[in-house]
Amino acid sequence: MFLMLIRRIFLGMATIGLVSVIIFSGVELLPGDACTQFLAEDQADREMLAQCREDLDLNRPALDRFSEWSGNAILGDFGVAADGITKISTIVGDRLKNSLLLAFCSLVVGVPIALFLGVISGLWRDRLPDLFASTLAIFAMTVPEFVSATLLILVFSIWLEWLPGIVLTSAGAPASEFFPEILLPVVVLSLVMCAHILRMVRSSVIEVLASDYVQMATLKGVPYWQMVFRHALPNALLPAINVVALTIAWLLGGVVVIEVVFNYPGLGRLMIDSISDRNLPVVQSIALIVASVYVCVNLAADLLTMVANPKLRTIYSRS
Amino acid sequence: MSETAFITIKNLSIGYNSRSGDVIPILRDVSLDIRRGESVGLVGESGSGKSTLALAGLGYFKRGLRVLDGSVHFNETDMLALGRDDLQRIRGGQIALIPQNSGQSLTPTLRVGKQLIEALRLHSDLNSKNFNSRVVELLEQVRLPDPMAMIRRYPHELSGGQQQRVAIAMALAGEPEALLLDEPTTGLDVTTQAHILELLRDLARDRNMAMLYVSHDLGAIARVCDRVVVLYAGEIVLHGSAVQVLGKPRHPYARGLLSSIPRLNQTSMPMSLDGRPPMPGETINGCAFSDRCVLSDEKCTTSSPPLLALESGEEVRCYHSNLIDRIPINSKKVASFRKSGEVQIAAGLQRLAISYSKPSFLTTLFKKSSQPPNTVDNINIDIKKGETLGLVGESGSGKSTILKAIAGLISPKAGKIILDGTIELSARVEDRDAMNLRKIQLIFQNPDDSLNPRHTVGQILAQPLRLYFGLKGNILRQRSADLLDRVRLGAHYLDRLPSQLSGGEKQRVAIARAFAADPEIVLCDEVTSALDVSVQAAVLNLLDELKTEQKTTYIFVSHDLAVVKAISDRVAVLYQGRLCEVGPVNSVYQAPFHPYTDALLGAVLEPDPYITPVLSADDIVELSPPAKGCPFQRRCPRKLGTICETETPPGRQIGLGHIINCHIPNNEL
Amino acid sequence: MVTVTINSYKTNNRAIMVILDVLSRPSGAVGLFLVLLHLILAIISPYITPFDYKLQNSSLMLTPPDALHLLGSDHLGRDIFSRTLMGGREALAVTGIATPIAVAWGGFIGILFGLVGGRVDEVLMRVVDAFLSLPWILKMLVLIVTFGTGMEVLIPTLAFFYGIPVIRVARAATHDVIARDFIWAAKARGHSRISIIRSELLPNVLDTLMVEGAMRWSWMLLAFSSLSFLGFGVSPPNPDWGLMISDARGFMSFAPWGVIGPVIALSSLIIGINLTADALAKSLGIDRAQKAPV
């Protein structure tokens with residue numbers, strides 16, 4: 001068990017290490033660098049380029065710079081942005097906080113609803129509640145986020161004028177100031193997230209309900225709801241842990257479009273802006289943060305599943 | 001017997017709606033009474049509707065199934081009219097189910113103790129303080145060792161036999177008046193099965209319970225049942241006392257079924273029952289069994305016979321039950337044995353040892369590595385040309401592992417495999433040359449898994465024909481058709497997919513594929529265990545005929561001692577990967593025995609109510625790794641002492657070609 | 001893995017059986033209809049559009065729908081109906097080419113490493129994990145910003161990044177299949193590794209890959225339209241649904257009809273693909289919902 005834990009943590013760290021190599025070498029391999037980008041309009045002469053590279057410390061061997069960059073990153077220092085002045089940790093810090101806020105709100109709203117609806121449609125399979133929830137899920141899952149966002153804005157902020165359709169609060173503002181602007185983005189994100197989790201939970205519930213042990217519980221006279229809560233759900237919800245973990249990772253890194261639509265000052269918009277400006281140090285830092293979150297939540301989910309599933313526990317304590 | 005029926009099933013028909021909307025019956029017009037203290041056996045092959053009938057006794061129907069007609073009464077309560085609450089009270093409280101596969105019927109996330117307490121809480125008046133002691137009591141009653149520890153375990157931490165015992169304890173928790181048993185011993189080892197049946201017998205007798213025992217295994221039914229009902233294609237075809245049904249069945253199907261079971265005291269091959277039962281939804285004209293029946297005439301194919309009461313007390317669904325004696329019950333055919341003149345060796349295993357355990361990087365790093373004992377060790381056997389060598393043993397005996405090593409799929413750790421007396425085979429199949437590969441062919445246990453579901457029968461047979469003989473085009477197709485003929489399937493099977501065939505047909509295709517290579521040695525790995533009894537006999541007969549035609553050598557692995565007896569010339573008994581006894585069939589199945597062989601043979605259940613199994617050894621779970629010294633010492637009823645724990649028993653010749661590995665002197669065995 | 005229902009068809013051709021079975025499910029019939037409709041429209045749209053999609057008319061700016069301009073006109077006075085008809089062509093072309101490439105290379109690598117196993121496989125899975133841990137939009141945008149937004153950039157970029165999750169799926173499917181007896185049987189007969197892959201393994205993994213392909217296609221379309229929406233996909237004046245929605249969004253408060261055409265077109269295509277994928281998965285006996293949306 002203990003060995004297993006060490007092994008998993010080691011593998012997680014290895015993955016983060018690999019990510020940093022991929023990010024760094026990816027940026028290195030791209031044609032041009034921060035200086036050519038910066039100075040392109042001026043038709044920069046060689047001297048200026050050289051000076052710029054000197055300033056940004058781009059002349060040392062890549063391996064050297066990589067070890068320095070990654071070493072500092074572990075300590076929370078991501079260096080300076082492409083302009084050579086702004087500290088990346090300050091820019092990214094605010095945005096990360098905002099993204100976490102958005103993710104947290106969406107999770108709090110979305111996950112319970114998704115689990116509830118998933119269980120309901122699994123239990124009432126092919127009946128009215130299921131047909132309703134499943135059809136809704138297919139739509140929420142397939143309609144692009146910017147489409148549902150656009151439609152929601154059209155309805156709730158333009159026609160009904162209930163909620164603001166756009167976020168005007170600045171990036172550095174405290175969390176409380178994002179209400180009620182944050183509500184529509186949270187609704188859209190919860191919808192998409194709900195759909196995936198709901199479908200997975202539904203099919204897992206159906207599978208468990210068809211299992212021999214649920215049949216046995218029924219046949220030993222266990223009342224229906226006791227059967228559901230004691231025998232079926234603990235087994236049916238195990239796989240949901242991993243899906244929720246993936247959702248958390250997605251909420252932090254993959255919601256660029258929503259942030260753009262609602263003008264929300266999160267990591268995603270910073271990322272896309274930095275890419276457009278070719279502010280590669282910032283892009284690198286964001287990539288590393290998001291990837292680390294991905295690895296960590298997945299690791300946490302695996303460990304949680306292991307704790308919750310006695311079968312896995314035995315397998316791992318033997319290995 | 002004057003008492004009224006306790007469970008009454010009357011004219012019950014159950015069916016489902018197919019996707020096209022037709023009503024497809026699974027059970028048709030079934031009536032059955034069970035009295036208090038009586039155990040009734042329900043026999044039928046897969047698809048006969050027997051489990052559906054058992055569950056109907058609890059008022060339970062699998063998703064999609066519904067009652068078309070009829071009624072189910074328990075103790076004069078109409079089970080089909082009850083509401084949810086009443087059903088919950090009766091289920092587990094008055095009628096309890098012991099399921100087929102307890103491993104999957106116990107909730108994996110709940111400890112054994114909790115699941116038992118749940119049953120107590122639902123169905124007993126005990127004070128919750130006494131639950132724990134009652135659970136321990138129940139576990140002791142089902143003879144589980146160390147009940148205190150058992151309570152804390154999760155179901156997957158128990159062995160199959162232990163899980164089954166927990167399920168029985170759970171059924172007893174509600175002090176039920178009736179038990180429904182759905183194949184409760186299927187899939188368990190012979191000795192475990194015998195022990196569990198004895199336990200069930202005792203329980204039923206002590207508590208005067210009504211029991212409905214559903215099984216395909218007539219041996220198990222013979223052990224526990226007073227009366228037997230035989231189901232065929234969803235209908236009762238025969239109903240009588242156990243002695244009547246198992247002694248002299250008056251229905252052609254039951255008679256065929258009974259004579260298709262290989263027995264220990266039989267020297268001939270079991271009779272094969274050709275054809276297959278109709279699938280649910282298939283149109284049946286007249287008697288459902290008519291197309292497989294030798295007595296069938298025009299009347300049988302046009303009108304379906306009613307269930308007729310005979311003077312002797314049985315009920316039979318047959319027009320010709322008076323002619324039943326015309327059907328032979330014993331085939332005179334004896335398995336084709338090797339002529340004793342030749343002594344060429346087809347294959348030889350020399351000091352073969354196989355180990356599965358591969359130390360991982362981390363374990364070698366953290367733990368001092370100690371060599372675990374081999375999974376299979378010190379196997380020395382010569383297989384003579386044209387003979388059938390049977391390998392018997394319980395699960396974990398390493399019998400299939402040895403086959404895989406011969407086929408080159410597992411590399412032995414030590415020892416040699418010699419082909420034709422001279423050629424030493426390479427360990428890995430990749431290093432063997434094509435000629436030697438062709439000579440050894442393997443047939444697997446489960447044809448569902450051994451036939452590629454995406455290939456048609458033609459494509460499946462083409463694989464070896466192309467590989468070994470380079471056949472193409474018409475010749476290839478012709479040759480495949482010939483092969484199908486030889487396994488009694490027609491050329492029209494060539495374009496079918498495995499999913500369109502029945503279990504027996506699939507296994508025939510697998511056999512045809514093995515014989516396509518024109519092999520010298522065919523390795524048969526439990527080839528009949530996944531099949532119904534009547535199909536099993538047909539496959540055994542086919543294998544035997546092919547052996548005569550092709551002069552093939554078989555190595556036949558099975559857990560079923562009677563099957564091995566029917567088809568083998570020589571037998572090797574394995575325990576935990578070590579040889580216990582090797583010798584000609586007739587000597588091994590007769591005293592003197594190795595203590596393990598004795599235990600195995602004693603536990604065999606014969607479909608005869610007058611034969612009682614002899615349980616000599618415990619059925620405790622064997623620990624892994626195998627014991628040093630004698631592998632059987634932990635369970636051996638005749639253990640001598642320290643010598644068994646320290647020294648590997650020597651192989652001693654006790655008859656012509658009959659070797660027993662045991663410390664007990666010959667004259668005492 | 002073939003479901004029993006398939007066997008009720010009176011043919012031995014599996015492809016036909018599967019298609020019939022997909023069509024017999026409501027979701028399959030509706031889904032396939034939508035997908036085929038979109039494909040046909042994409043092919044014939046240049047010949048049936050009532051107006052030139054790039055014809056600007058300043059007198060028609062943001063006019064509501066009428067008999068002539070069925071969906072009204074946009075901020076440059078272009079006919080929205082014509083642009084909607086034409087708006088899926090580039091998306092379908094790019095994703096239609098990129099999807100098979102993604103499935104092919106991801107499937108190939110996945111099967112290969114699934115077979116090889118051991119340490120090599122372990123390392124590869126870490127690399128796959130590493131790639132998956134980066135947000136898709138970041139990976140793609142970095143390449144697109146550097147190399148441009150043409151089809152010659154978009155196709156390989158999409159194909160590369162969407163092939164990576166396929167590796168995982170193909171590898172898992174391979175692991176499932178190689179444990180089965182028919183693979184052991186082929187090994188014992190002495191078939192070469194290549195021949196085992198080709199005739200025993202591939203036909204069984206292909207089902208999973210087909211369902212996977214359908215799912216990748218819909219996600220790729222989502223990605224493509226999102227890129228267009230963000231301004232990194234199709235370059236104006238070429239019409240694209242994502243871009244059209246992005247353009248019309250600014251005028252939504254007084255000209256909401258601008259978004260309706262492209263929204264319906266884009267959604268119906270993606271829903272169609274998903275419904276088809278659902279039905280296909282059911283017909284092939286694969287549970288699609290159990291798969292994590294990576």
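When reading the values below, keep in mind they use all heavy atoms of this one structure, side chains included, and skip hydrogens, waters and symmetry mates. None of the values given here were measured: they were computed from a predicted structure. Within every chain, numbering begins at 1; the chains are lettered A, B, ... in the order of the sequence lines, protein sequences first and strands thereafter.
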Just wondering, more than 12 heavy atoms not from C:Phe251 lying within 6.0 Å of its CZ? yes

Let me know if A:Val261 has heavy atoms under 4.5 Å from chain C in its side chain, its backbone, both or neither. both

Value for CD1 (A:Ile275) from CZ (C:Phe232), rounded to nearest 0.5 Å, stands at 7.5 Å

Bottom line for A:Val283: the part with an atom under 4.5 Å from chain C's heavy atoms is both

Out of curiosity, A:Leu18 CG to C:Ser133 OG, how far, rounded to the nearest 0.5 Å? 9.0 Å

As an exercise, state the distance from CZ of C:Arg249 to CG of A:Leu154, rounded to the nearest 0.5 Å. 11.5 Å

If you count heavy-atom pairs under 4.5 Å between each of A:Val143, A:Leu151, A:Ile16 and chain C, which one has the most? A:Val143

Per-residue contact mode, A:Val256 against chain C (heavy atom under 4.5 angstrom): side chain

Between A:Thr142 and C:Ile270 the two heavy atoms that sit nearest each other are O-CG2, 3.3 Å

Would you call the rings of C:Phe229 and A:Phe146 parallel, tilted or perpendicular, where under 30° means parallel and over 60° means perpendicular? parallel

Interface check, chain C: of A:Val295, A:Leu198, A:Leu11, most non-hydrogen pairs under 4.5 Å belong to A:Leu11

Okay, C:Leu230 and chain A: the region with an atom under 4.5 Å from a heavy atom over there is side chain

Spacing of CG belonging to C:Leu134 relative to CG belonging to A:Leu288, to within rounding of 0.5 Å: 9.0 Å

At a 4.5 Å cut-off on heavy atoms, which part of C:Ile271 comes close to chain A: side chain, backbone, both, or neither? both

Which residues in residues 120-131 of chain C have any heavy atom closer than 4.5 Å to a heavy atom of chain A? C:Glu122, C:Arg126, C:Val127, C:Asp129, C:Ala130, C:Phe131

Before you tell me yes or no, could you show the steps for C:Ile137 and A:Met271 under side-chain contact (heavy atoms from CB on, under 4.5 Å), namely the whole-Å CA-CA distance, both residues' side-chain angles and the distance that decides it to 0.1 Å? CA-CA 9 Å; C:Ile137 205 150; A:Met271 180 165 82; 3.3 Å; yes

Quick one: CE on A:Met141 to OG on C:Ser218, what's the gap to the nearest 0.5 Å? 7.0 Å

Given heavy-atom pairs under 4.5 angstrom as the criterion, report whether the side chain, backbone, both or neither of C:Leu138 touches chain A. both

side-chain contact (heavy atoms from CB on, under 4.5 Å) assessment of C:Asp278 paired with A:Arg199: CA-CA 11 Å; C:Asp278 265 352; A:Arg199 276 167 63 90; 2.9 Å; yes

Contact origin within C:Ile144 toward chain A - heavy atom pairs under 4.5 Å: neither

Residue part contacting chain C, namely of A:Ala249, when any heavy atom lies under 4.5 Å: neither

In this structure, OG of C:Ser27 is separated from CD1 of A:Ile138 (nearest 0.5 Å) by 7.5 Å

So for C:Val142, is it side chain, backbone, both, or neither that comes closer than 4.5 Å to the heavy atoms of chain A? both

For chain A, the option from C:Leu221, C:Leu222, C:Leu269 that forms the most heavy-atom pairs under 4.5 Å: C:Leu222

Hey, are the side chains of C:Pro135 and A:Tyr294 touching, using non-hydrogen atoms and a 4.5 Å cut-off? no

